[in-house]
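Contents: one structure, followed by commentary.
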Amino acid sequence: MRQETKLTIWRTLMILAALFALEAAVRYRWIDPFFMASPLQALEVLWSQIWDGRALVLTLVTLYEIGFALLVSTVVGLFAGFLLWR
Amino acid sequence: MLLAALFSSPIILAYPIFLVTFGRTSAAVIALSSIFGLIPIIMNTKSAFQQVNPVLLEVGASMNLSRRQMFRHILLPAVAPTIFSGFRLGLTYILKSVLGLEYVVQIGGVGMWLSDAAFRFEVGEVYAGLVGTILLSVMFLYVINRTEVLVRR
């Protein structure tokens with residue numbers, strides 16, 4: 001197996017293990033569920049809110065804001081950086 | 001020097017000025033966040049051009065390249081890595097300031113959703129919002145990385 005593939009598998013396994021531990025901690029009430037949602041519950045809520053339409057609209061608004069800001073700062077930043085170098 | 005000083009200052013505290021100028025709209029969020037993302041991009045672009053190895057340029061000149069070929073085949077691949085790390089830094093700052101500002105001033109977006117859910121003690125929704133934010137940032141990073149591969153080819 002290639003070194004890179006091995007590394008990717010290990011990383012994924014570690015993330016999954018951490019998520020699993022969190023899920024178990026909330027399920028068995030080692031952490032108060034009032035303060036912490038389990039990963040599955042979070043995904044469930046996200047999924048239902050997306051199809052509800054509300055989260056989708058809000059995410060699109062944020063997406064638009066991030067994209068626009070990134071575009072503006074990229075264009076102006078590249079130009080200004082180039083001018084500063086000249 | 002001045003830019004580096006500006007970089008370490010908490011510009012986000014200037015948000016009332018932007019709110020007064022642009023009103024409580026997305027424009028205020030975009031204006032403040034683009035200033036945030038602008039500084040690392042300018043600094044990295046400048047240092048990328050400064051760090052180009054002069055030997056590379058001399059090789060290009062000895063091969064009689066035109067200005068355009070010089071830019072496309074020598075300057076662009078040489079500056080791309082540093083500039084793209086500036087984009088990644090800028091993206092981080094933009095994400096932080098967009099979500100923080102939405103959270104603080106309750107202008108429509110994921111940040112508003114998060115603060116709303118936190119006020120109602122809906123932990124599920126808070127963590128759902130966090131997962132959504134992570135997905136957004138992963139998506140933007142993917143786009144930036146793909147663009148870098150395209151430019152460096």
Side-chain angles (χ1 to χ4, degrees), chain A residues 8 11-12 15-16 18-19 21-23 25-27 29 31-86, chain B residues 3 26-27 29-50 52 79 83 86-87 90-91 93-95 97-99 101-102 107-114 116-117 121-133 135-137 139-140 143-144:
Chain A
T8 317
R11 280 177 185 158
T12 320
I15 293 174
L16 283 180
L19 287 178
L22 201 61
E23 182 79 36
V26 177
R27 283 275 160 97
R29 293 187 165 259
I31 305 175
D32 193 344
F34 185 69
F35 298 115
M36 188 82 207
S38 70
L40 274 183
Q41 193 197 342
L43 280 182
E44 221 173 84
V45 173
L46 185 66
W47 189 250
S48 67
Q49 292 269 347
I50 283 176
W51 294 116
D52 200 28
R54 180 158 174 265
L56 196 64
V57 172
L58 293 178
T59 313
L60 283 180
V61 169
T62 305
L63 194 67
Y64 152 72
E65 282 170 357
I66 296 172
F68 206 111
L70 194 64
L71 188 74
V72 170
S73 48
T74 301
V75 172
V76 180
L78 282 181
F79 194 64
F82 186 72
L83 282 186
L84 279 176
W85 167 66
R86 295 288 295 204
Chain B
L3 271 176
S26 291
V29 178
I30 292 170
L32 183 58
S33 314
S34 36
I35 290 179
F36 243 105
L38 192 63
I39 303 168
I41 294 179
I42 292 180
M43 280 165 54
N44 275 45
T45 309
K46 190 181 161 223
S47 72
F49 278 110
Q50 278 171 342
V52 173
V79 297
I83 288 184
F87 284 164
L91 174 71
Y93 280 91
I94 286 174
L95 261 169
S97 73
V98 163
L99 284 158
L101 209 60
E102 281 177 357
I107 301 172
V110 177
M112 187 187 77
W113 180 28
L114 279 179
D116 191 37
F121 288 104
E122 292 277 357
V123 246
E125 271 188 45
V126 174
Y127 283 91
L130 285 179
V131 173
T133 316
L135 291 181
L136 273 184
S137 93
M139 201 189 77
F140 271 104
V143 170
I144 288 181

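When reading the values below, keep in mind they use all heavy atoms of this one structure, side chains included, and skip hydrogens, waters and symmetry mates. In the text below, chain A, chain B and the rest are named by the order of the sequence lines, each starting its count at 1.
Counting heavy-atom pairs closer than 4.5 Å to chain A, the top-ranked of the candidates B:V131, B:I107, B:I41, B:V79 is B:I41. Per-residue counts of heavy-atom pairs under 4.5 Å with chain B were compared for A:E65, A:E44, A:Q41; the largest is that of A:E65.
Residues B:Q50 and A:W85 bring no donor and acceptor atom of their side chains to less than 3.5 Å of each other.
At a 4.5 Å heavy-atom cutoff, B:I35 makes no contact with chain A through either its backbone or its side chain. Looking at B:L91, both its backbone and its side chain come within 4.5 Å of chain A, counting heavy atoms on both sides. For a residue to count as touching a neighbouring chain, one of its non-hydrogen atoms must lie under 4.5 Å from one of that chain's; by this rule A:L43 touches chain B with the side chain only. Using a 4.5 Å cut-off between heavy atoms, A:F34 contacts chain B through both its backbone and its side chain. Contacts between B:E102 and chain A at a heavy-atom distance below 4.5 Å involve the side chain alone, from C-beta outward. Interface remark: A:Q49 contributes side-chain atoms only to the contact with chain B (heavy atom separation under 4.5 Å). For a residue to count as touching a neighbouring chain, one of its non-hydrogen atoms must lie under 4.5 Å from one of that chain's; by this rule B:M112 touches chain A with the side chain only. For B:V29, the part sitting under 4.5 Å from any heavy atom of chain A is the side chain, from C-beta outward, and nothing else. Of the atoms belonging to B:I30, heavy atoms from both backbone and side chain fall under 4.5 Å from chain A. Looking at B:F36, neither its backbone nor its side chain comes within 4.5 Å of chain A, counting heavy atoms on both sides.
By the 4.5 Å heavy-atom criterion applied to side chains, B:M139 and A:L63 are counted as neighbours.
When all heavy atoms of A:L84 and B:I42 are compared, the closest pair comes out as CD1-CG2, 3.6 Å.
Distance check, rounded to the nearest 0.5 Å: CE of A:M36 to CZ of A:R29 gives 14.5 Å. Between the NZ atom of B:K46 and the CG atom of A:L83 there is a distance of 12.0 Å, given to the nearest 0.5 Å. For the atom pair CG of A:L70 and CD1 of B:I144, the computed distance is 5.5 Å after rounding to the nearest 0.5 Å.
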Before giving the answer on side chain to side chain contact (heavy atoms under 4.5 Å, CB included), spell out for B:L114 and B:E125 the whole-Å C-alpha distance, their side-chain angles and the decisive distance to 0.1 Å. CA-CA 7 Å; B:L114 279 179; B:E125 271 188 45; over 6 Å; no
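Sequence neighbours left out, not one pair with a member in residues 71-83 of chain A passes side chain to side chain donor-acceptor pair (under 3.5 Å).
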